[in-house]
Every structure is written in C-alpha cells, then in structure tokens.
Amino acid sequence: MTTVRTPADWPVTEEEARAVQDALRARVVLDEPGPPPGTGHVTGVDVAYDDERDVVAAAAVVLDAASLDVVAEATAVGRISFPYVPGLLAFREIPTVLAALAALPCEPGLVVCDGYGLAHPRRFGLASHLGVLTGLPTIGVAKNPFTFTHDEPDTPRGSTAPLLAGREEVGRALRTRDGVKPVFVSVGHRVSLDNACAHTLALAPAYRLPETTRRADALCRRALGEVS
DNA sequence: GCGACAG
DNA sequence: ATCTTGTCGC
C-alpha cells in the first residue's frame, strides 16, 4: 500500500476549488462512445475515511469485464485533503484515488467511480475530474440522486428514467434489480451515457451496486482498518 | 436568508 | 462517509 501527501497546490477554500472545476471542465471529452461492455478491464475506485484520525484510504480494483474476476488490486492511504462539501467531493477523494490507480500493475481500462460525473452543479463531478486528470474513460455510479429529479423507472431490471437538472438530462436512474431502488449513472470522461448505463448493468448481475464499487468499497475499508 | 445536498 | 444488532426473507 502506498502513502500519499496532498499536493502543495491543492485548493484550500471552496472558492478555489470551484475555480479549479470551472477551469478543468473544458477538458472533458463527451464525444467518444468508450470501450464496449464486456471487453478488457473495468476498474472500481472507492474511498473510506476516519475523520477522527484524519486518515483516508483509497482502493482500486481491476476486474476482467467479461468474467468479473479480480485481475489486480491496489490501495493508498493519506491525510484528508478537503472537507466534505456537496459539489466538491472530488477534492476530498482524488489525491488518494490517483495514488491507488498509479500503484496498479496493469491498465485500468474503464474506471467506475462512486459518485457523479456530469450530474453535478457545475457539470464536473468526481468521475469527470478523475477522467480529465488521468485521461482514462470514466463513469460515475451514485447511490443517491443528489439534487436532481427523476421519474420512477419501470420495475424490471434494465429500466431507466432520465436524471434531470431542470430539463437537461445529466444522467440516468437505472434499475439494476427488479423493483429495487435504482442507481444513478452519469458520464465522466470519454464515455457515452448509453454505454455508461450498459456497463453499469453488465457489472451488476446480482446486486444493486456494480461489482467494481462493491469490491473497491470492501478493499478500502479493509485498508483503512489496517492503518487506524 | 434558510435548507438541501454525491461520499 | 460513519455511528451500529438483530432480523425478516429468498
């Protein structure tokens, strides 16, 4: 497991962080379909915190997209680099996530984030931010609709409903299990929304959440427990 | 101005 | 995110 330090130029105030988002947003690529589902590698990233001890642990878990078998894992720990502020989640998670990704022995392929990409107050959530910094194709799969609205998708697995910011579709509510609360998918970088939903469905054959996030969640919790 | 709000 | 046991159901 690698240890990271918060970058010296990391934003300190909310105003600075929002300025970074406004500056980087233009670098998001939205006109690529992204890798086809079921091929190559798919990597889940997630982060766990111990605010008391000021520790954050990140995990990156690479799966074979066809079999969903684990191909590789890496973890990183560091100090909490930003407080939790809705809309600024990326500044809390990214330094440690980047370190975990860098520690992988193989290519990550598509990266699945726990949170949002385009579905964000300034259209630049965690998944978009991570995509721009790494150049990798990324998507966001969140457990809650944040501030956005949506109609209820139909009952069967695979049903979707637009996730709306006013009249703009910023993502999709996607049901991954019959009759169970949907997950909220949005584009990060270099992946289309249709493809992001197809990947999410392929990664969630048995549980509500994609295997990528389930594996990454379990690993970062374990890593946090080993240090604090 | 107040509350809500990914993790 | 995190604090937290048992419990209902397939």
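Not measured: the values here are computed from a predicted model.
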A.B. asks: Please pick, from C:dA1, B:dG7, B:dC5, the nucleotide with the shortest atom-to-atom distance to any side-chain atom of A:Arg92.
C.D. replies: B:dG7
A.B. asks: In whole Å, what is the span from the CZ atom of A:Arg122 to the C1' atom of B:dC5?
C.D. replies: 12 Å
A.B. asks: Rounded off to whole Å, could you give me the CG-to-P distance for the A:Asp114 and C:dT2 pair?
C.D. replies: 10 Å
A.B. asks: If only side-chain N and O atoms of A:Tyr84 are considered, is one of them under 4.0 Å from the OP1 or OP2 phosphate oxygen of B:dA6?
C.D. replies: yes
A.B. asks: Among B:dG7, B:dC5, C:dT2, which is the nearest nucleotide to the side chain of A:Thr147?
C.D. replies: B:dC5
A.B. asks: Specify the separation, in whole Å, of atom CG of A:Leu224 and atom P of B:dG7.
C.D. replies: 18 Å
A.B. asks: Measuring centre to centre across the rings, with the benzene-like ring taken for any Trp, is A:Phe91 within less than 6.0 Å of A:His129?
C.D. replies: yes
A.B. asks: Quick one: A:Leu126 CG to B:dC5 P, roughly how many Å, whole number?
C.D. replies: 20 Å
A.B. asks: So A:Leu163, base contact, sugar-phosphate only, or nothing? Heavy-atom distance under 4.0 Å.
C.D. replies: nothing
A.B. asks: For B:dG7, take OP1 and OP2 only and decide whether either is under 4.0 Å from a side-chain N or O of A:Lys143.
C.D. replies: yes
A.B. asks: Does A:Asn144 place a side-chain N or O at less than 4.0 Å from the phosphate oxygens OP1/OP2 of B:dC5?
C.D. replies: no
A.B. asks: What's the NE2-C1' distance between A:His150 and B:dA6, to the nearest Å?
C.D. replies: 13 Å
A.B. asks: What's A:Ala48 touching, base or sugar-phosphate or nothing? Going by heavy atoms closer than 4.0 Å.
C.D. replies: sugar-phosphate
A.B. asks: CG of A:Leu118 versus P of B:dA6: gap in Å, rounded?
C.D. replies: 18 Å
A.B. asks: Please report, rounded to the nearest Å, how far the P atom of C:dA1 is from the OH atom of A:Tyr116.
C.D. replies: 14 Å
A.B. asks: What do the steps show when you test A:Phe184 against A:His150 for ring-ring contact (aromatic ring centres under 6.0 Å, His included), and what is the final call?
C.D. replies: CA-CA 10 Å; A:Phe184 304 90; A:His150 65 91; 5.2 Å; yes
A.B. asks: Given the rule in the side-chain hydrogen bond (donor to acceptor under 3.5 Å, both in side chains) test, do A:Tyr49 and A:Glu93 qualify, once you have shown the distances and angles that lead to the verdict?
C.D. replies: CA-CA 10 Å; A:Tyr49 301 95; A:Glu93 310 216 327; 2.8 Å; yes
A.B. asks: Does a side-chain N-to-carboxylate-O contact under 4.0 Å join A:Arg214 and A:Asp114?
C.D. replies: no
A.B. asks: Of A:Thr160, A:Asp194, A:Thr200, which is the lone residue that meets side-chain hydrogen bond (donor to acceptor under 3.5 Å, both in side chains) with A:Arg172?
C.D. replies: A:Asp194
A.B. asks: Which is true for A:Gly87 with a 4.0 Å heavy-atom rule: it touches a base, it touches only sugar-phosphate, or it touches nothing?
C.D. replies: base
A.B. asks: At under 4.0 Å between heavy atoms, what does A:Asp51 touch on the DNA or RNA strands: base, sugar-phosphate, or nothing?
C.D. replies: nothing
A.B. asks: Can you tell me the distance, in whole Å, between the CG atom of A:Leu89 and the P atom of B:dA4?
C.D. replies: 20 Å
